[in-house]
Amino acid sequence: MTLPTDKPRTAADTLRPGSPRRRRVRTGVPLPLLIPALIGLAFLIVPLAALLVRTPWHSLPAQLTSPEVWQALKLSLICATLATGVSLVIGVPLAWLLARVDFPGRGLVRALVTLPLVLPPVVGGVALLMALGRNGIVGQWLDSWFGITLPFTTAGVVIAEAFVAMPFLVISVEGTLRAADPRYEEAAATLGASRFTAFRRVTLPLIAPGIAAGAVLAWARALGEFGATITFAGNFPGRTQTMPLAVYLALQSDPEAATALSLVLLAVSIVVLAGLRDRWMSTG
């Protein structure tokens, strides 16, 4: 009589629901990770909650309907939209150049394009003054040849906002271009389309979601720009005073008005994040 031999248990046998030796997977969160995570969450949420708690809700309608607030809000929306338009016109071709063309120094160019993301905004404003001010390396020729003065004007606000916001658009569009299949463009070229026609008729529809996401991010960044704007364009009501500058000015004399204005910018940021949740916040 032969005795039955035990077969070696496989991983599938171990994980089979009826297996007596199946180990239960532990899904708990380690305490050394949970506590810092909760502290980090509170660190980010408590200031925003404090803004909501301290908002003067009883006087909020009067604060938001004052002429000064509407003037700053209107200027902010116009300048942010124009800055986004400027970013689209010159940023999308720049993103295409970085994603599709292999040229010497491309890594350095990409680093310079993304530099305003980490550059202090005030330093960006100083750099704009050195370049486009009346005595700047470019601004002096604009002033002497065309009589164009950009600092401390509404156009200066648009330029300052575009300077800090365009990298968001370039990064988003470049990432979308790298993910897009270039064979569609090659197929269009074999059918006789020029490279620009292929870009306009084939590439743009493919990367439209990335362009839209980058434009929204750039618009939100331009709307909240403060440092470069106040350095390059100043803080003149009705001409260069945007919402962040109005918040800064109101905080010195009327904290309730500053809180109400901050609430408007917070609401805009939440709307932007909600609109981009499928692109930036999904885990699928």
Side-chain angles (χ1 to χ4, degrees), residues 37-84 116-126 128-129 151-165 168 216-277 281:
L38 294 178
I39 294 175
L41 183 63
F43 176 73
L44 297 176
I45 292 181
V46 168
L48 302 179
L51 180 63
L52 296 176
V53 170
R54 292 300 180 90
T55 297
W57 297 103
H58 61 283
S59 62
L60 186 63
Q63 295 282 0
L64 297 181
T65 54
S66 63
E68 295 81 7
V69 172
W70 277 106
Q71 194 175 50
L73 180 59
K74 179 182 177 182
L75 183 64
S76 295
L77 294 175
I78 292 175
C79 291
T81 303
L82 291 176
T84 304
L117 291 176
V118 296
L119 194 69
V122 174
V123 177
V126 173
L128 288 174
L129 278 175
F152 309 108
T153 63
T154 304
V157 176
V158 175
I159 291 175
E161 292 180 351
F163 178 78
V164 299
F168 289 90
V216 173
L217 285 174
W219 184 84
R221 180 64 184 87
L223 189 69
E225 168 51 32
F226 173 81
T229 303
I230 197 172
T231 306
F232 183 65
N235 186 13
F236 302 101
R239 189 171 65 180
T240 64
Q241 187 181 89
T242 57
M243 285 287 286
L245 273 63
V247 171
Y248 175 75
L249 187 64
L251 189 62
Q252 303 177 22
S253 58
D254 191 354
E256 289 191 353
T259 305
L261 293 173
S262 300
L263 185 64
V264 174
L265 294 177
L266 177 62
V268 171
S269 301
I270 292 175
V271 170
V272 170
L273 288 178
L276 294 176
R277 66 185 183 277
M281 301 175 67

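Only a predicted model underlies this, so the values are computations on that prediction, with no experimental measurement involved.
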Kindly write out the residues that satisfy side chain to side chain contact (heavy atoms under 4.5 Å, CB included) with T259, not counting sequence neighbours, or none if the list is empty.
L51, T55, P56

If I take atom CD1 from residue I230 and atom CG from residue L249, how far apart are they, to the nearest 0.5 angstrom?
8.5 Å

Can you list everything that forms a ring-ring contact (aromatic ring centres under 6.0 Å, His included) with F152? Sequence neighbours excluded, please.
none

At what distance, to the nearest 0.5 angstrom, does CG of L38 lie from CD1 of I45?
10.0 Å

Partner set under side chain to side chain contact (heavy atoms under 4.5 Å, CB included) for V123, not counting sequence neighbours:
L119, P120

Does anything in residues 240-266 pair up under ring pair (Phe, Tyr, Trp, His ring centres under 6.0 Å), and if so which pairs, sequence neighbours excluded?
F226-Y248

Filter on side chain to side chain donor-acceptor pair (under 3.5 Å), then keep only pairs touching residues 71-81, sequence neighbours left out; what's left?
T81-W219

Please give me the minimum heavy-atom distance between A250 and L261, naming the atom from each residue.
CB-CD1, 4.5 Å

Nearest heavy-atom neighbours spanning A233 and G156
CB-C, 4.0 Å

Using the side-chain contact (heavy atoms from CB on, under 4.5 Å) rule, take R221 and V164 through it: C-alpha gap first, then chi angles, then the decisive distance, then the call.
CA-CA 8 Å; R221 180 64 184 87; V164 299; 4.2 Å; yes

Residues two or more places apart in sequence or in another chain: which of them pass side chain to side chain contact (heavy atoms under 4.5 Å, CB included) with A222?
A80, A83, E161, A165

L48: what forms a side chain to side chain contact (heavy atoms under 4.5 Å, CB included) with it, not counting sequence neighbours?
L266

I would like to know whether T84 and V216 meet side-chain contact (heavy atoms from CB on, under 4.5 Å); could you show each step before the answer?
CA-CA 8 Å; T84 304; V216 173; over 6 Å; no

Rounded at 0.5 Å granularity, tell me how far CG in L223 sits from OG1 in T242.
8.0 Å

Qualifying side chain to side chain donor-acceptor pair (under 3.5 Å) pairs, either residue in residues 227-239, two or more places apart
N235-Q241

Test V157 against L75 for side-chain contact (heavy atoms from CB on, under 4.5 Å), laying out the working first.
CA-CA 10 Å; V157 176; L75 183 64; 5.5 Å; no

Can you list every ring pair (Phe, Tyr, Trp, His ring centres under 6.0 Å) pair that touches residues 56-77, not counting sequence neighbours?
none

Closest contact, heavy atoms only, A160 versus F232:
CB-CD2, 4.4 Å

When every non-hydrogen atom of L245 is compared with those of T240, the smallest separation belongs to CD2-O, 3.7 Å

Taking ring-ring contact (aromatic ring centres under 6.0 Å, His included) as the test, write out the residues that go with F236, two or more places apart.
none

Between atom CD1 of I270 and atom CG of L265, what is the distance when rounded to the nearest 0.5 Å?
11.5 Å

